[in-house]
Amino acid sequence: MIISMKAGATQAQVAHVIEKIESYGYQAHPIYGQERVVIGAIGNGQMKDHIQSLESAPGVDSVMPILKPFKLVGRELKKEKTFVRVGDNIEVGNSHFIVMAGPCSVESREQLMTTAVAVKEAGAQILRGGAYKPRTSPYDFQGLEEEGLKLLAEAREATGLKVVTEVLSDGQVSLVAEYADIVQVGARNMQNFALLKKLGKCGRPILLKRGMSSTVREFLLSAEYIVSEGNPHVILCERGIRTFETYTRNTLDLSAVPLLNELSHLPVVVDPSHGTGKRSLIKPMAKAAVAAGADGLLIEVHPNPEEAFSDGPQSLQPAEFADLMQAVRQYAAIENRRM
Ligand code: PEP
Ligand code: MN
């Protein structure tokens, strides 16, 4: 239910409505706009029984049901785009176009530092790198774990880049959140609801990747889990879905970008690396992502992709990444985004 207060409603009137909503067993989520306060009443009950009583409360302008199942992350309750702050000077979702880049896995100090310096020089703002890797085979490289997190922190110290890295389980949340500026939920964990609930309480921005067989509705409901537990700082990431096509690793669903922007106020970034799995397709898909209305990109870069412990075939060399950045900068300018 959305309770829209009249312009100029007093604080006491807002407080009274919140109290009423809570007495009916709902959570109240007030949004303080420029002109008026809008209050979301979120819960499971039969709110329609309470509409009349709320409509007649002083200061209330209108009461409307929220029709979509994703209530907090949907545009019905909050029309304005959400900006997710990362550190002091990055806001994902505003007019700046944000690029997160780095290796699939953190492999060594030298590999990470070389990549970090190169992506920073090319204009990336955020360093990516997995310390805990969700590998399909248990015999594949599983990541450097805490040692990898420490290397990421060192690279942040040395370059000033912020750090995004993946968490695999709810038991790891506090450790990963200690080191990361953004905590990543991988495609394989998009519906790990225990993990999502824990991340709702972790106080760090979350990069939520779309599950490889997930619908947009399921994707937004996973974001809803995090936000409803108290963490509104969620960035959505389209990273490709499974289809019958086998030339590419996944089918990058770029139509999801404008669709997500219609349905949700959360920022949306695109990962053309996992979305295609093929080095040659990454630059064209990165340009297309800007045109589709993405707020940023996630790109895998490795100093020597042939030797990469994971995802070599989709990793760009630093020079290829710099070339991509130049193209993306031009496309971003067309879309009135700054880099
Ligand atoms: C990754 O970002 O390295 C990763 C494992 O991605 P995804 O979860 O999208 O497969
Ligand atoms: Mn990868």
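Both ligands and their constituent atoms are indexed starting at 1 by order of listing. Treat the numbers as computed from the prediction; the structure is a model and nothing was measured.
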Would [X] and [Y] pass as an ion pair if we require N to O under 4.0 Å?
{"X": "Glu229", "Y": "Lys201", "answer": "yes"}
{"X": "Asp311", "Y": "Arg249", "answer": "yes"}
{"X": "Arg128", "Y": "Glu166", "answer": "no"}

[Y] side chain reached by [X] side chain, heavy atoms, under 4.5 Å:
{"X": "Gln111", "Y": "Pro303", "result": "yes"}
{"X": "Glu262", "Y": "Arg75", "result": "no"}
{"X": "Glu238", "Y": "Leu252", "result": "yes"}
{"X": "Leu207", "Y": "Leu298", "result": "yes"}

task: For ligand 1, would you mind listing the residues that have at least one heavy atom less than 4.0 Å away, ordered by chain and number?
output: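 Heavy-atom contacts below 4.0 Å: Cys104, Arg128, Lys133, Pro134, Glu166, Gln184, Gly186, Ala187, Arg188, Lys209, Arg239, His274, Glu300.
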
field: Minimum-distance atom from the Mn ion (ligand 2) among N, O or S atoms of Glu300
entry: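 In Glu300, the heteroatom (N, O or S) nearest the Mn ion (ligand 2) is OE2.
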
message: With rounding to 10 degrees, what does the angle Asp311:OD2 / the Mn ion (ligand 2) / Cys104:SG come to?
response: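 That angle works out to 90° after rounding to 10°.
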
